Amino acid sequence: MFSGRECVDGCETIISTLTLHPDEMFELKYRDGLARICELTTKHGKVTTPALLPVVNPNQLTIRPVDMRERFGAEILITNSYIIKKDPNLRERALKDGLHKLLGFDGSIMTDSGTFQSYVYGDVDVGHREIVEFQSAIGSDIGTILDVFSEPTFSREQTEDAVNVTLSRAEDSVSLKGDMLLAGPVQGGTYQDLREECAKKLSTMDFDVHPIGGVVPLLENYRYTDLAEIIIASKKGLNPSRPVHLFGAGHPMIFPLAALLGCDMFDSASYAKYAREERMMYPTGTRFLREMHDLACDCPACSKTSIKELTQMPMEERTKRLAEHNLFICLSEVKKVRNAIHDGAIWEMVEMRARAHPSLLSALKILKNHSKYLEVFEPTSRRGAFFYCGPESYDRPVVERYRERFFTRYRKPDAKVLVGFEESGKPYGRNYANEIASISAKADANFLVASFFGPAPIELDEFYPLAQSVVPDDLDQEVREKMRNTMERHAHQHGYPLAVMWDGQETLDFLEEIAPGKGDFDLDLLRVRAVLDMQFGRGASDILCDKKVEFVKSKNTGKIRNVIIDGIHAFSMRAHDGRLTPKMEGAKMLMDLLPPPAMRVVVEDEPATFAEKGNNVFAKFVVDCDPGIRIKDSVFVVNTKDELAAVGRALMVRDEMLAFKRGIAVRVKESVD
Ligand code: GUN
Ligand code: ZN
């Protein structure tokens, strides 16, 4: 019998995963919200996720697995162990030579268990322990338990049964996995509470991957709203340090949305199935070959062929060509998803792709109902600008967050009057510099712009995402309506004796009369105060009370570079996102004012001494963390006695820091030494 760790042929490399803890197989590299680029380690090498696993039917190799690796760059594929076990010839060869030799593939191979066959044919004649043992015996890298397919049409009772049997089989199965990674699928039909509960229970067991199962009928019927709800409910219950596979998701149309919601792996039999039906897949949908005017594709399978040549090819060759096209398109879309995650542009990609199908747009629209959950994973700043792609952009979690923080954290400075400006060139302070100067010479005023994001005090004009955003001049009606509602909310609670919209000289004359006196408007000081409160919490700016505050500014841009408090360099201001990076002294000032757990990442005492020397903080050393910390926040690394070891930027949120056993939780910027 094949042991799984022997070399089955000369070229194969086997990595021992026995020394790794299950939660160490998966390392976070880049992220954008719940979407993430990770590295999954299996016995047959490393796999970059999000990954598409082409489905290989051992009885029908439309594209040879070796080509999948060499021509298509697939690092991992998936096949069905039940099909192999049922066929005496395949079974014997798999047991004798191993799965990798059987398929002629030396990358990672995941196997499924027969659950889908059970769903299609009503039953399978294999035991749940037997099929896990078989997968391990043939050397699968990632096996799957025999879960029960919970159909969307199931009643609650039927669904509960499916979940309970799945959980009981899951418990029986984990001890049998040996050195194979094991997948424990989340079931629960369309019942969100059952999905979350099932996910929570599976997370307590020794699994390495969590597929989301029972969703094929939803995918086939474009029920993307239900799918989105199911993914979110499952993610809420799952251990965030484990990869999530979306079973049966093989159309590129769904990849961006699924990745945005935290799916790391997809599998596709569609590339071959659609090819047999003479259908071509594109990120925007599927087309019958006979309906097309031009292939309109530069993939290697299409680039040297005209539609006429393709149509006239012998059928077998044409099917192969179409399968190749479909697979290229699917793999290419996954690469684009990875790029979008890397660039911090996954929301933009999802909003643009949502135009491909009304059901995708419906799914996008319901995400606003989950803003609170999704906001937790959204970085507080990112590389690229916020791009408006449509009215749904207004409901992105980062926009919600800005409004929420403005209303709960921002404290208005003292002044007699508030002057409002229309949204226009950015940053607003520079755009309205002349108006601000002439008003401040005659009246005691503060300034605010009615921005897309909500009320934008002029002193926050460089703060992400206010300046780092591109929105059209003429916004959609529904967005204007929502902006007006937000401004009305502000009008009710801003607390100024008087507020006026700027309308040129007339406003100036009026202000001179109603709020006379030269204002002491100090944009630099107001900026640092407002950013402190928005970034670290309401009241954080009290560290400036009765202190002498000075600024070092950039000679080129005039922007604040350093903030000096009573002669001490306490903060630096980042030019690209208008946020403050505390120096050790600044962090101590904030810690004196903000009691634990505010902005703290607590690490064991010994690793804290490493952080003191400037080393990054690994997740496995984190013992606790402020649940309010968001990705890219400046955080205080402390030991268990709340002594400051370092200041850094968070790369994970609390639940992730506590779950991941691998990867960096805080990138240290300042430290004791
Ligand atoms: N393939 C498609 N859906 C499923 C599922 O729910 N479970 C398993 N094991 N395989 C699947
Ligand atoms: Zn093509």
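Numbering of ligands and ligand atoms starts at 1, following listing order. Please read these numbers as outputs of a predicted model, since none were measured by experiment.
If you check the side chains of Arg223 and Ser359, you find no donor sitting under 3.5 Å from an acceptor. Ser173 and His128 share no donor-acceptor pair across their side chains, judged by distance under 3.5 Å alone. At a cut-off of 3.5 Å, with distance as the only test, no side-chain donor of Thr166 or Gln187 sits close to an acceptor on the other residue. Side-chain contact annotation: Tyr82 with Asp87, donor-acceptor N/O pair under 3.5 Å absent.
As for His325, its N/O/S atom nearest the Zn ion (ligand 2) is the one called ND1.
For ligand 1, the 4.0 Å heavy-atom shell takes in Asp112, Ser113, Thr115, Phe116, Thr144, Asp147, Phe149, Gln187, Gly213, Gly214, Val216, Phe247, ordered by chain and residue number.
The angle Cys299:SG - the Zn ion (ligand 2) - Cys302:SG amounts to 110°, with values rounded to 10 degrees.
Considering CD of Gln192 and NZ of Lys236, their distance stands at 7.5 Å, rounded to 0.5 Å.
In this structure, Glu151 has no side chain to side chain donor-acceptor pair (under 3.5 Å) partners at least two apart in sequence or on a different chain.
Taking the six-membered ring for Trp and thresholds of 30 and 60 degrees, Tyr222 and His357 have nearly parallel ring planes, at less than 30 degrees apart.
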